[in-house]
Amino acid sequence: MLEGLIASEGIAVGKALLLHEELRIPDYAIRDSDVKLEMLKFDAALALARDQLVDLKERNKDHETTVKILESQLLILVDPLFVGEVIQKVRSEKRNVEKIVSDVVAEFARTFSSMDNPYLKERAIDVQDVGRRILRSLLGQEIQSLDRLPADTIIVCHMLTPSDVARLDTSRVIGLCCEVGGVSSHAAILARSLMIPALFGVENVTRKVRTGDSIYLDCIHGKLYLEPSALEIDEARELGRQVRANFEKSLEPSTLTPVTRDGIEVTLRANISVPAEISSLTTFGASGIGLFRTEYLFLKSNSLPPQEEQYEAYRKVAAGCLPSPAIIRTLDIGGDKDLPYLGIPPESNPVMGWRSIRYCLQNADIFRSQLRAILRASVTKNVKLLYPMITTPEELLRANEFLDEVRQEFVEKKIPFDENLPVGIMIEVPAAALITDRLAPMVDFLSIGTNDLFQFTMAVDRANQRLSPMFDTINLPILRIIKHVVDQAKKFDVPVSCCGEMASQPAGCLALLGLGLREFSMNVFSIPKIKQLIRSVDLRDVNEIVAEAMGCTTTAEMRARLDAYVEKHG
Ligand code: PEP
Ligand code: MG
């Protein structure tokens with residue numbers, strides 16, 4: 001039995017599929033007489049790669065951008081420069097063809113990625129992709145095609161990126177398990193959105209599990225059982241039934257309003273990543289959307305989603321939660337949400353790097369296209385626009401310049417949109433929190449992102465499972481910084497809410513209530529339990545407990561007070 005951190009709750013019993021198994025490239029000298037054999041191996045691998053790409057193209061024929069990518073990959077297989085270089089090097093260097101292909105691919109990828117032209121830069125990814133395909137053919141390893149998986153697959157890997165999760169076939173993948181990754185990482189957030197049980201931080205799981213092994217993934221207790229016995233499988237089924245029953249029971253109060261015993265009304269909205277989640281708002285009793293993480297649309301695709309596709313998603317989300325608001329956040333890409341097709345060069349500190357609004361402000365076409373799509377969707381008059389990771393007032397001013405340009409263009413072209421579209425910013429960088437008094441008067445609303453605010457205030461990487469014990473938001477610096485933001489926002493009469501995970505944790509939510517917040521947005525599954533908690537507390541008591549907790553020094557002392565109160569009322 002192995003143990004890990006629960007990134008997404010649930011139970012799964014199925015067969016393992018190891019992703020991203022490392023390719024071990026053999027490297028040995030060959031004789032002159034072996035050159036012919038190496039050439040034959042290379043020809044066969046190229047032919048196999050071609051058949052696979054043609055097949056993929058056929059299966060994706062309705063997806064224009066994917067077809068284009070596959071076509072450019074097919075061209076690499078017949079590119080005289082690439083093929084010629086491999087042949088020439090096998091002959092001159094007299095090493096096995098796997099080693100030569102691996103070297104030539106690395107060389108071509110390096111050349112492409114150093115180019116200024118963004119189109120050519122992107123070709124580096126295609127070369128690497130095709131290179132892996134040829135190498136797998138040479139090594140006789142099957143390509144793990146994520147779009148043709150057997151039923152009841154449990155993905156096992158070293159690390160899952162958010163784009164891996166976004167591309168999963170959710171009708172076949174029933175569980176995820178990986179060696180690294182924190183429960184506040186974006187991959188974990190996405191797994192919760194897609195309702196796939198996930199266990200992260202399972203040490204050495206890729207060495208202990210092989211593709212095809214039976215697995216029982218218990219993401220209620222944080223355990224993984226290899227080759228479970230019949231008895232363990234029966235237990236898993238029983239536990240699954242209980243989890244479902246508890247879950248259904250927790251939905252019962254979904255029609256009740258979240259109001260404290262002393263009559264203070266609270267608003268609970270949903271964080272969504274996938275437009276389809278809109279259908280669960282009523283089930284879980286959410287009043288609209290407090291955060292639509294638009295990255296999912298970009299992560300699940302092999303290239304930038306066209307404006308029309310984005311518009312369709314934003315329109316669906318906005319219309320689906322009428323008359324409640326839909327807060328749509330602009331692209332928060334980069335950091336742990338890497339998008340290979342954007343060609344962001346490797347950085348030593350991507351989380352603090354060229355990402356999110358910083359990237360958008362320097363990539364005008366991408367930003368404008370998204371703003372156009374959001375503005376078009378705003379005709380329903382319930383859309384609010386949210387910029388992520390604002391750090392300086394200059395960034396906000398620049399983002400608004402883009403928005404004004406697009407607005408002007410719409411006026412000229414007579415394209416309808418909401419002229420009073422509210423514009424807000426995430427407060428998730430300590431620098432922004434500290435100048436709330438300057439930023440608040442420049443916006444219509446503020447939304448505190450406690451996931452990143454914690455990460456940057458505490459210098460704790462949210463995706464690092466080793467630091468998970470440190471990732472506790474019941475913590476004096478965090479409570480103080482949030483209090484500062486809330487007090488300043490109130491001073492300027494600017495609405496402020498919280499859309500970080502802290503609001504979905506009972507003690508966290510109490511702390512936020514005590515700090516003066518009355519609007520929260522969270523993953524839909526947490527709404528029923530938080531609503532129950534709010535309905536069982538008296539705000540006067542909460543204020544007292546939170547003030548008391550803030551008088552403590554250590555997280556343990558603060559948590560003890562809040563947890564004891566939750567226990568009494570939970
Ligand atoms: C946050 O940082 O708290 C937040 C809500 O945004 P994300 O988790 O998408 O970074
Ligand atoms: Mg964030």
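Residues: numbered from 1 along the sequence shown. Values in this document were obtained by computation on a predicted structure and should not be read as measured data. Remember, it's 1-based here, ligands and their atoms both numbered in the order they're listed.
With hydrogens left out, the protein atom closest to atom 5 (C) of ligand 1 is C499 O, 3.4 Å, a heavy atom. In terms of protein heavy-atom proximity, atom 7 (P) of ligand 1 is closest to H186 NE2, 3.3 Å. What sits closest to atom 6 (O) of ligand 1 on the protein, heavy atoms only, is R329 NH1, 3.0 Å.
When non-hydrogen atoms are compared, ligand 1 lies under 4.0 Å from the side chain of R462 (C-beta onward) but not from its backbone.
The heavy atom nearest to atom 3 (O) of ligand 1, considering only N451, D336, L453, N271, is found in N451.
Side-chain contact between Q310 and T294 is absent, with no heavy atoms from C-beta onward closer than 4.5 Å.
Annotation for ligand 1: atoms under 4.0 Å from non-hydrogen atoms of M426 are 4 (C), 5 (C), 6 (O). Near I189, the atoms of ligand 1 lying under 4.0 angstrom from a non-hydrogen atom of the residue are 8 (O). Per-residue contacts place E428 under 4.0 angstrom from the following atoms of ligand 1 (heavy atoms of the residue considered): 1 (C), 2 (O), 6 (O). Interface of L291 with ligand 1, defined as ligand atoms under 4.0 Å from a residue heavy atom, comprises 5 (C). Near D452, meaning under 4.0 Å from any of its heavy atoms, are these atoms of ligand 1: 1 (C), 2 (O), 3 (O), 10 (O).
Heavy-atom contacts from other residues, nucleotides or ligands closer than 6.0 Å to NZ of K316 number 12 or fewer.
The OE1 atom of E428, the Mg ion (ligand 2) and the OD2 atom of D452 define an angle of 100° (nearest 10 degrees).
The side-chain hydrogen bond (donor to acceptor under 3.5 Å, both in side chains) test with D332 singles out one residue from R293, K337, H186, and that residue is K337. Checking each of V406, I357, L331, L403 against F367 for a side chain to side chain contact (heavy atoms under 4.5 Å, CB included) leaves exactly one that passes, namely I357. Paired with R398 under the rule salt bridge (charged side-chain N to carboxylate O under 4.0 Å, His left out), one option of E401, E394, E395 passes, and it is E401.
In terms of polar-atom proximity, defined here as any N/O pair under 3.5 Å, E295 makes no such contact with ligand 1.
Of all heavy-atom pairs spanning P506 and K529, the tightest one is CD-CE, 4.0 Å.
In this structure, F454 and F471 have tilted ring planes: the angle between them lies in the 30° to 60° band.
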| said: For E265 and T257: C-alpha separation, side-chain torsions, deciding distance, then whether side-chain hydrogen bond (donor to acceptor under 3.5 Å, both in side chains) applies. | reply: CA-CA 8 Å; E265 268 204 43; T257 41; 5.4 Å; no

